[in-house]
Protein chains: 2
Amino acid sequence: MSKAEPTQTPSAGEPRLSRASAARFSLYLRPLEHWHQAGLRTVSSGQLGEAVGITDAQVRKDLTYLGSLGHPGVGYPTEELVLALRRALGIDRTWAVVLVGVGNLARALLRYRGFEQQGFRIVAVFDSDPGKIGQEVEGLEIHGLDRLPAVVAARGAELGLLTVPIESAQAVAEALAAAGIRGILNFAPLCLKPPPGVSLVSVDLAVQMEQLAFLVQLENGERPLTTR
Amino acid sequence: MSKAEPTQTPSAGEPRLSRASAARFSLYLRPLEHWHQAGLRTVSSGQLGEAVGITDAQVRKDLTYLGSLGHPGVGYPTEELVLALRRALGIDRTWAVVLVGVGNLARALLRYRGFEQQGFRIVAVFDSDPGKIGQEVEGLEIHGLDRLPAVVAARGAELGLLTVPIESAQAVAEALAAAGIRGILNFAPLCLKPPPGVSLVSVDLAVQMEQLAFLVQLENGERPLTTR
DNA sequence: GGATGTGAACGACTTCACAGCG
DNA sequence: CGCTGTGAAGTCGTTCACATCC
């Protein structure tokens with residue numbers, strides 16, 4: 001009842017593409033789009049690796065998952081590669097995104113051009129504060145949370161940005177799920193339990209800062225952790 | 001000349017603590033600090049694992065690196081564990097931080113309480129725009145970039161938040177390094193080359209969004225990447 | 001009994017090295 | 001010749017299982 005079967009991966013789709021490779025696809029995309037606009041028609045695995053700071057072998061292995069679009073002795077055609085990568089990542093189309101929690105971070109995200117550029121459009125914003133509801137931010141009316149299901153459905157939103165305080169994060173995540181949202185990018189500094197059927201990516205700025213402190217400490221050779 | 005020696009790790013410090021474990025230390029810290037304040041004196045690996053979404057075995061393996069502070073049959077003393085984790089991460093003290101690039105994101109970061117709570121204090125802000133220099137944000141005067149070395153030295157800053165546009169990111173990173181900064185948290189959406197002696201952590205919001213789109217696409221079973 | 005610490009098995013990811021093609 | 005695609009080897013990280021101790 002507890003061992004025997006390897007459990008997990010019971011029958012569903014085979015894991016064609018490794019998670020690690022997908023994470024790098026996004027990184028490849030930036031220099032590639034830049035080079036493509038600059039008129040470069042072809043790139044080698046070495047150039048790409050150099051640009052994102054990994055080995056050429058790694059690049060080739062990753063790109064294998066896209067099918068064989070490299071030409072020996074030549075390299076990869078820039079444009080095809082960009083298209084294939086975007087397709088693999090699922091950003092060969094536009095995603096409608098809602099934002100919940102209109103604080104400082106939310107305002108910064110609303111003004112951030114990078115999302116739109118990659119095909120993410122923020123189509124509605126929500127907050128629970130009655131004082132904010134009805135106001136506008138960046139041309140969008142702030143809705144009350146009760147309107148989540150209706151607005152999500154009306155705008156065809158599939159992704160959500162979660163910029164609410166810790167206390168309400170889990171509840172709002174579930175409200176988003178109930179409203180039909182399929183993926184959440186969470187900025188609240190806690191470990192959200194993803195509602196069933198909803199994918200989750202979390203960004204905790206304090207955690208990143210702590211990692212940085214750790215790295216600096218390591219480099220300083222100060223306290224590489226004694227066995228004690 | 002090219003094989004034989006394993007190269008790398010030539011002689012310097014042995015890699016006591018794995019990078020992956022250190023990344024989780026930050027995650028452990030949040031529920032732990034919460035529980036500690038709530039008066040809980042002891043926690044088990046199972047509880048911690050549950051809170052951050054990993055197995056108990058993984059938790060125990062990680063905590064091994066801190067020395068043996070668990071008691072069989074009882075668990076780990078909450079307070080000691082918090083202190084040991086903070087010490088391991090290098091946040092058992094305050095870090096002085098400078099911020100470069102006063103845009104929307106910068107303002108959001110300046111108002112974010114999470115940094116201060118974990119021992120990161122933003123002590124100065126910089127921008128290259130003459131129109132901004134001399135103004136104040138969140139009680140801090142905006143300095144010109146030319147004052148980086150002087151202010152960094154005067155305030156004893158060791159870390160930097162980089163929220164400048166792509167074009168100037170690399171140059172500013174090098175200026176930070178030259179001014180004596182030891183670690184950079186970069187928000188510009190490009191692959192920075194870390195100056196020698198400087199640690200780097202990058203946060204690219206568009207990349208996170210793309211990962212989310214990828215996960216949702218996977219879960220939808222839509223296009224799990226065909227071999228073609 | 002309940003929970004830790006840990007070697008050993010396992011699996012995932014990366015690097016190597018080289019055959020093969022344009 | 002340069003560069004891709006890929007098995008094989010190697011490294012790193014996670015999970016298992018169990019001896020051990022309170």
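Note on naming: letters A, B, ... go to the chains in the order of the sequence lines (proteins, then strands), and numbering restarts at 1 for each one.
- Comparing A/Val74 and A/Arg24 against DNA chain C, the residue whose closest nucleotide sits nearer the 5' end is A/Arg24.
- Residues forming a side-chain contact (heavy atoms from CB on, under 4.5 Å) with B/Glu219 (at least two apart in sequence, or on another chain): A/Arg182, A/Ser199.
- More than 12 non-hydrogen atoms from other residues, nucleotides or ligands lie less than 6.0 angstrom from CD of B/Gln208.
- Residues forming a salt bridge (charged side-chain N to carboxylate O under 4.0 Å, His left out) with A/Glu116 (at least two apart in sequence, or on another chain): A/Arg121.
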Identify the pairs formed between an N or O of the protein and an N or O of nucleotides 5-8 of chain C at a distance under 3.5 Å, and give each distance.
residue	atom	partner	partner atom	Å
C/dG5	OP1	B/Gly70	N	3.2
C/dG5	OP2	B/Tyr76	OH	2.7
C/dG5	N7	B/Arg60	NE	2.9
C/dG5	O6	B/Arg60	NH2	3.2
C/dG7	O6	B/Lys61	NZ	3.1

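- Applying the side-chain contact (heavy atoms from CB on, under 4.5 Å) rule to A/Ser202 yields the partners A/Asn186, A/Leu200; only residues at least two apart in sequence or on another chain are considered.
- Rounded to an integer number of Å, the gap from A/Asp56 CG to D/dT6 P is 16 Å.
- Distance, A/Leu48 CG to D/dG5 C1': 16 Å, rounded to whole Å.
- Judged as a side-chain contact (heavy atoms from CB on, under 4.5 Å), and not counting sequence neighbours, B/His34 has no contacts.
- For the segment residues 37-45 of chain B, residues with any heavy atom less than 4.0 angstrom from an atom of DNA chain C are, sorted by number, B/Ser44, B/Ser45.
- Note on ring orientation: taking the six-membered ring where Trp is involved, the planes of A/Tyr28 and A/Phe25 are tilted (angle from 30° to 60°).
- Between the C1' atom of C/dT4 and the CD atom of B/Glu80 lies a distance of 15 Å, rounded to the nearest Å.
- The distance from atom CG of B/Leu81 to atom P of C/dA3 is 16 Å, rounded to the nearest whole Å.
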Let me have the donor-acceptor pairs involving side chains of residues 155-180 of chain B, under 3.5 Å, with sequence neighbours excluded, atom names and distances please.
residue	atom	partner	partner atom	Å
B/Glu158	OE1	B/Arg93	NH1	3.2
B/Glu158	OE1	B/Arg93	NH2	3.4
B/Thr163	OG1	B/Val100	O	3.1
B/Thr163	OG1	B/Gly101	O	2.5
B/Ser168	OG	B/Pro165	O	3.4
B/Gln170	OE1	B/Lys193	N	3.0
B/Gln170	NE2	B/Glu174	OE2	2.8
B/Gln170	NE2	B/Lys193	O	3.0

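- In this structure, OH of A/Tyr65 is placed 17 Å from P of D/dT4, rounded to the nearest angstrom.
- When rounded to the nearest whole Å, the span between CZ of B/Arg19 and P of D/dC12 equals 15 Å.
- Regarding contacts with the backbone of C/dT15, a side-chain N or O of A/Gln58 is found under 4.0 angstrom from either OP1 or OP2.
- The salt bridge (charged side-chain N to carboxylate O under 4.0 Å, His left out) pairs that include a residue from residues 201-212 of chain A are A/Asp204-B/Arg30, A/Glu210-B/Arg30, where partners are two or more places apart or lie in different chains.
- With sequence neighbours excluded, the residues forming a side-chain contact (heavy atoms from CB on, under 4.5 Å) with B/Gln117 are B/Arg113, listed by chain and number.
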